[in-house]
2 protein chains.
Amino acid sequence: MEKNLPPATVERLSNYRRKLKGINTEETAYIHSHQLAHLMRINPAHIRRDLMLINFSGDIHKGYNIENLIAKIGENIDCIRKQKLAFIGIGDLGRALASEFKNKDSKLEIVAAFRLEENLNDESVDFKCYPISKIKQVLKKEEIDIIVLTLTKINLKEVLKNIVDSGVKGILNFTSAHLDVPDEIYVENYDMIGKLEKLSYFTSCKD
Amino acid sequence: MEKNLPPATVERLSNYRRKLKGINTEETAYIHSHQLAHLMRINPAHIRRDLMLINFSGDIHKGYNIENLIAKIGENIDCIRKQKLAFIGIGDLGRALASEFKNKDSKLEIVAAFRLEENLNDESVDFKCYPISKIKQVLKKEEIDIIVLTLTKINLKEVLKNIVDSGVKGILNFTSAHLDVPDEIYVENYDMIGKLEKLSYFTSCKD
DNA sequence: AATTTCTTGTTAACATTTTAACAATATATG
DNA sequence: CATATATTGTTAAAATGTTAACAAGAAATT
């Protein structure tokens with residue numbers, strides 16, 4: 001299978017699936033494009049177009065079979081083997097994610113978090129917390145695939161070197177630091193200040 | 001002044017400014033489009049186009065005057081009065097943001113954070129931490145403009161009611177919950193799981 | 001003084017994403 | 001049985017975002 005789906009579609013498919021999994025299919029086995037669109041707050045045409053791209057057909061009158069759709073989305077966007085996540089820096093966001101992943105037979109799994117503090121194991125999560133100093137050995141040992149970076153008060157250069165050496169394939173970057181890594185590593189930057197200033201621009205009355 | 005800048009441009013302008021503020025203008029007072037583009041890892045044409053949209057002219061040989069550009073960006077994207085932020089749920093991300101805002105004479109200011117725990121004042125930050133139960137009175141009293149939501153284990157419906165009633169204008173939502181608020185409130189959703197699954201899709205070898 | 005080189009400002013082309021439109025078609029209804 | 005209705009699948013159009021191209025013009029160089 002080739003990776004020829006547009007990025008925006010991949011993201012939406014993931015979101016559709018999460019929403020669909022929340023539906024009790026014993027009560028309602030089928031859903032219409034406009035119903036799902038309403039739940040997602042997007043345009044119905046979007047749904048139909050996305051499902052067309054993964055070749056999923058619905059019943060012209062009953063709509064889309066929810067269980068089949070969930071499976072079909074998986075076939076298209078999930079990787080074969082489980083991918084392992086690690087957080088560098090973590091708070092409510094990481095805990096929230098962890099509980100999302102739990103019991104969801106997701107192909108993504110949080111296996112470690114690194115913090116500044118020593119010995120900060122949190123019994124509310126089921127992944128291990130390590131001090132940032134142990135990053136090198138843990139990344140190697142656990143074969144981490146994806147890093148979520150939220151911590152700025154670290155020796156970034158050294159940490160990045162360890163990340164690159166360990167074979168990490170992608171980084172979701174929430175810090176405003178620029179990550180100087182080889183092109184093979186897929187970096188998705190999320191600049192919170194930029195988003196906030198945009199929000200501020202569109203919410204403030206300028207006169 | 002009208003809000004006729006494209007959203008993507010507003011976001012980039014904010015990012016340019018943050019990068020420019022990190023430059024020592026005593027050493028280098030001017031910057032070329034390709035230099036800034038290199039720092040931002042984007043296309044030089046993008047820079048020139050964005051600056052065209054805010055009517056900022058550079059010197060054909062020296063480039064763009066950094067201080068003037070910072071000021072001009074402010075004129076275009078900053079609101080007149082300071083806008084107040086509050087976090088619902090907070091960890092490393094919030095602390096990182098707080099340190100970004102500090103001493104940056106930004107028009108955005110974090111004034112409060114709400115947590116599940118009682119009495120959890122953090123001496124490393126300069127905003128106050130409240131238990132989530134106090135949200136109603138604090139939002140009103142502090143006149144919060146923007147909410148950053150990262151906490152899921154709350155009574156969302158009630159919290160949202162308080163947010164709407166208090167006159168909040170925008171919400172940056174990191175949870176996967178759907179926020180049912182009036183259209184007047186600008187909601188920017190960031191679905192981390194969606195982003196992670198997209199990352200996973202583009203980093204995994206599917207064969 | 002002429003030529004080369006470089007950079008801005010601007011337009012046009014291109015790419016991607018989103019939305020609209022509508023034919024095809026199956027069910028329900030009169 | 002004919003008509004109305006509703007929904008998918010698909011194509012076309014619109015909107016948005018990005019990149020390329022290049023004229024205009026200033027400094028540096030020959």
Side-chain angles (χ1 to χ4, degrees), chain A residues 2-16 20 28-66 68-69 72-73 76-77 188-191 194-195 198 201-202, chain B residues 2-16 20 28-66 68-69 72-73 76-77 188-191 194-195 198 201-202:
Chain A
E2 316 84 45
K3 286 183 205 115
N4 42 16
L5 294 175
T9 293
V10 174
E11 215 172 310
R12 273 194 304 270
L13 287 172
S14 159
N15 297 342
Y16 299 162
L20 291 170
T28 39
Y30 289 79
I31 194 168
H32 290 293
S33 62
H34 69 264
Q35 296 174 309
L36 183 53
H38 182 76
L39 291 175
M40 306 298 303
R41 304 280 161 133
I42 60 173
N43 193 295
H46 239 148
I47 308 267
R48 296 201 297 276
R49 212 172 186 298
D50 288 336
L51 301 195
M52 189 190 84
L53 291 176
I54 61 170
N55 261 305
F56 185 78
S57 291
D59 181 288
I60 196 169
H61 223 77
K62 290 192 277 184
Y64 301 98
N65 181 287
I66 295 177
N68 292 351
L69 178 50
K72 187 78 171 186
I73 291 175
N76 278 274
I77 72 169
E188 169 119 358
N189 289 298
Y190 185 85
D191 195 310
K195 296 283 183 200
K198 183 176 76 170
Y201 177 79
F202 287 107
Chain B
E2 316 84 45
K3 287 185 202 109
N4 42 15
L5 294 175
T9 293
V10 173
E11 216 173 309
R12 273 194 303 270
L13 286 172
S14 159
N15 298 342
Y16 299 161
L20 292 170
T28 39
Y30 288 81
I31 193 168
H32 289 295
S33 62
H34 70 263
Q35 295 175 310
L36 183 54
H38 182 76
L39 291 175
M40 307 296 304
R41 304 280 162 132
I42 60 173
N43 193 296
H46 239 147
I47 308 266
R48 297 201 296 276
R49 214 176 185 297
D50 287 336
L51 301 195
M52 190 190 84
L53 291 176
I54 61 170
N55 261 306
F56 185 78
S57 291
D59 181 288
I60 196 169
H61 222 76
K62 290 193 277 183
Y64 300 99
N65 181 287
I66 295 177
N68 292 351
L69 177 50
K72 187 77 171 188
I73 291 175
N76 277 275
I77 72 169
E188 169 121 356
N189 288 299
Y190 185 85
D191 194 310
K195 296 283 182 200
K198 182 176 75 170
Y201 177 80
F202 287 107

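Keep in mind that what you see is a predicted model, and the values were worked out from it rather than measured. Residue numbers begin at 1 in each chain, while the letters A, B, ... track the order of the sequences.
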Side chains of R12(A) and M40(A): does their closest heavy-atom pair fall under 4.5 Å?
no

K62(B) NZ to dG25(D) P, in whole Å, measures 19 Å

**Report entry** Non-hydrogen side-chain atoms of L13(A) and L53(A) separated by less than 4.5 Å
**Finding:** no

Counting only side-chain N and O atoms of H61(A), is one of them less than 4.0 Å from OP1 or OP2 of dA28(C)?
no

In whole angstroms, the gap separating C1' of dT5(C) from NE2 of H34(B) amounts to 13 Å

Considering every strand and a 4.0 Å limit on heavy-atom distances, what is the contact class for S57(A): base, sugar-phosphate, or nothing? sugar-phosphate

note: D59(B), atom CG; dC6(C), atom C1'; distance rounded to Å ~ 12 Å

*Using a cut-off of less than 4.0 Å, is there contact between a side-chain N or O of R12(B) and OP1 or OP2 of dT18(D)?*
yes

So CD1 of I31(A) and CG of L36(A): to nearest 0.5 Å the spacing works out to 4.5 Å

Separation of dT18(C) atom P from I42(A) atom CD1, nearest Å, is 9 Å

Whole-Å distance, I60(B) CD1 to dT10(C) P, equals 12 Å

What residues 43-53 of chain B contributes to the DNA chain C interface at heavy-atom separation below 4.0 Å is R48(B), R49(B), M52(B)

Picking from dT17(C), dG9(D), dG9(C), the nucleotide nearest the side-chain atoms of P7(A) would be dT17(C)

From NZ of K72(B) across to P of dG9(C) the rounded distance in Å is 12 Å

Rounded to whole Å, CG of N55(B) lies from C1' of dT10(C) at a distance of 12 Å

In terms of heavy-atom contacts, H46(A) and I42(A) come closest through CB-CD1, 4.0 Å

Does dT8(C) have OP1 or OP2 under 4.0 Å away from a side-chain N or O of Y30(B)? no

Closest non-hydrogen contact found for Y16(A) with I73(A) is CB-CD1, 4.1 Å

On a heavy-atom basis, the closest approach of S14(A) and G194(B) is OG-CA, 3.4 Å

The ring-ring contact (aromatic ring centres under 6.0 Å, His included) partners of Y30(A) (sequence neighbours excluded) come to none

Among dA24(D), dT8(D), dT18(C), the one nearest any side-chain atom of S33(A) is dT8(D)

From CG of L36(A) across to C1' of dT8(D) the rounded distance in Å is 14 Å

